[in-house]
Protein chains: 2
Amino acid sequence: MNELITYFNQFNHLSENAINAISEISKPVNIKKNQNLQSIGHTCRTIYFIKKGVARIYYYKEDIEITECFAFENAIIARVESLFTGKPSRKAIQMIEDSELIAISSVKLFDLYDTFPEIERLFRKIFESAYVDTVNRVESIQFHSAEERYNALLKESPNVLQRVPLKYIASYLGITQVSLSRIRGIR
Amino acid sequence: MNELITYFNQFNHLSENAINAISEISKPVNIKKNQNLQSIGHTCRTIYFIKKGVARIYYYKEDIEITECFAFENAIIARVESLFTGKPSRKAIQMIEDSELIAISSVKLFDLYDTFPEIERLFRKIFESAYVDTVNRVESIQFHSAEERYNALLKESPNVLQRVPLKYIASYLGITQVSLSRIRGIR
DNA sequence: AGTAAAATTTAACATAAGATAAATAATCAG
DNA sequence: CTGATTATTTATCTTATGTTAAATTTTACT
């Protein structure tokens with residue numbers, strides 16, 4: 001749990017009681033490379049913290065697979081459009097490497113919000129931050145060329161190339177594998 | 001304040017005390033057509049509720065003006081990437097019609113969170129919902145053609161064409177005015 | 001190690017959208 | 001109401017990215 005507590009402290013400091021309460025609704029999960037952590041069609045009821053490994057959220061548009069985002073160590077991952085609406089998700093979460101995660105039951109977590117306003121505050125801040133990232137992503141996708149986006153991704157996550165197949169990166173950037181290969185070929 | 005309370009109740013019911021506390025930090029604002037409500041370079045410290053009118057958030061990419069989003073009646077608008085980070089915003093908010101708004105001081109609002117967990121919860125839910133909208137917007141921009149996005153916008157906000165100049169709609173869709181005109185010309 | 005499968009690149013051609021400029025239509029100020 | 005300004009459309013040409021297919025490289029499995 002240490003990594004998780006360090007992660008939490010970036011957003012909001014928790015009392016020992018609050019930490020214990022979260023510990024009780026969390027459990028370790030290990031997943032092999034390429035396995036799905038959560039599958040399409042199920043409602044998201046778990047928030048994951050990545051201790052080790054790389055995750056991606058993906059979905060299908062007319063049988064073409066599209067990667068929505070990646071997440072690396074010391075980050076949280078969840079399909080928020082399902083988590084916050086209670087509707088089944090059209091998306092899946094897959095681990096790209098052998099991974100170690102901490103699974104936090106979102107149902108139990110949301111119950112804790114009543115007893116621990118500090119926990120509600122913590123997750124409010126975590127998701128506010130994720131919201132800001134998503135607003136910035138809109139800007140990035142909408143108004144930068146594919147090449148600019150590729151370079152921005154490399155700058156932001158320099159090791160993404162070593163850890164993530166290019167086919168996933170291509171759809172994350174909103175282009176085809178062929179286009180990405182062409183962009184990479186230029187230099 | 002009635003419209004605002006109705007809006008709040010969609011997310012979280014508030015006690016009378018909480019409503020009064022929010023009333024005290026809110027004030028009406030009237031803005032003429034085409035005036036900026038908030039300008040580029042300032043840190044966002046106000047959350048607006050639109051009673052009447054249409055707003056857009058816009059910014060510049062290399063002296064080309066880009067519309068990030070629109071907001072209509074009975075919605076909240078704020079430059080969240082500044083609101084949640086405390087950094088100056090590169091974006092402005094402009095009212096596209098003569099408008100009536102309620103301005104809520106975000107600094108005072110965030111102070112209220114300590115006294116009224118129900119207010120913190122309310123805004124947590126409001127911004128979670130906005131976050132989900134933004135996640136869906138990423139999907140819309142990234143994996144639908146300009147024409148699909150135009151049709152989706154019309155379906156979602158059928159009166160947008162009557163109220164918003166096409167040049168704003170074009171950059172919102174991530175295309176040029178010329179392209180939009182071409183798409184519209186097809187039918 | 002050797003083979004099959006998967007990932008990536010390359011090539012050739014097609015298409016959607018960008019850029020620029022000019023024409024037309026709509027709006028606004030006096 | 002009229003001229004000036006702004007918004008929108010149309011036209012032409014250019015370019016980035018898509019599509020399909022094949023070639024090559026890498027990875028995974030026995």
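All values reported here derive from a predicted model rather than from experimental measurement.
- A cation-pi arrangement is not found for B/Arg124 relative to A/Phe123, the charged atom failing to lie both closer than 6.0 Å to the ring centre and inside a 45° cone about the ring normal.
- The side chain of A/Ser181 contributes an N or O atom lying less than 4.0 Å from OP1 or OP2 of C/dT9.
- With C/dA17, C/dA7, D/dT17 as the choices, the nucleotide that has an atom nearest any side-chain atom of A/Ile183 turns out to be D/dT17.
- When each of A/Tyr168 and B/Lys33 is assigned the nucleotide of DNA chain C with its nearest heavy atom, A/Tyr168 is the one assigned upstream, toward the 5' end.
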*Verify side chain to side chain contact (heavy atoms under 4.5 Å, CB included) between A/Arg56 and A/Tyr172, making sure each step is shown before the conclusion.*
CA-CA 10 Å; A/Arg56 70 179 185 115; A/Tyr172 172 78; over 6 Å; no
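- Proximity of A/Arg182 to the phosphate of D/dT17: no side-chain N or O atom is located under 4.0 Å from OP1 or OP2.
- Rounded to whole Å, the distance from CD1 on A/Ile175 to C1' on C/dT9 is 14 Å.
- The nearest whole Å value for the distance from the CD1 atom in B/Ile96 to the P atom in C/dT27 is 15 Å.
- The distance from atom CG of A/Leu180 to atom C1' of C/dT9 is 11 Å, rounded to the nearest whole Å.
- Along DNA chain C, the nucleotide nearest to B/His144 and the one nearest to A/Lys167 differ in position, and the one closer to the 5' end is contacted by A/Lys167.
- Checking A/Ile77, A/Ile57, A/Ile169 one by one against A/Phe70, the side-chain contact (heavy atoms from CB on, under 4.5 Å) holds for a single residue, A/Ile169.
- Rounded to whole Å, atom C1' of C/dG18 lies 17 Å from atom CD of B/Glu147.
- Taking atom CG of residue B/Leu173 and atom P of nucleotide D/dT8, one finds them 13 Å apart after rounding to whole Å.
- For the pair B/Glu62 CD and C/dA19 P, the interatomic distance rounds to 10 Å; values are reported in whole Å.
- Between the side chains of B/Ser89 and B/Gln38, no donor-acceptor pair of N or O atoms lies under 3.5 Å.
- Across every non-hydrogen atom of B/Arg149 and B/His144, the tightest pair is NE-O, 3.0 Å.
- Between B/Val178 and B/Leu166, it is B/Leu166 whose nearest contact on DNA chain D lies nearer the 5' terminus.
- We find that CZ of B/Arg184 is positioned 8 Å from P of D/dT8, with the value rounded to whole Å.
- The interatomic distance linking A/Gln177 (CD) with D/dT19 (P) rounds to 12 Å, in whole Å.
- Contact annotation: B/Thr176 side-chain N/O to C/dA17 OP1/OP2 distance is not under 4.0 Å.
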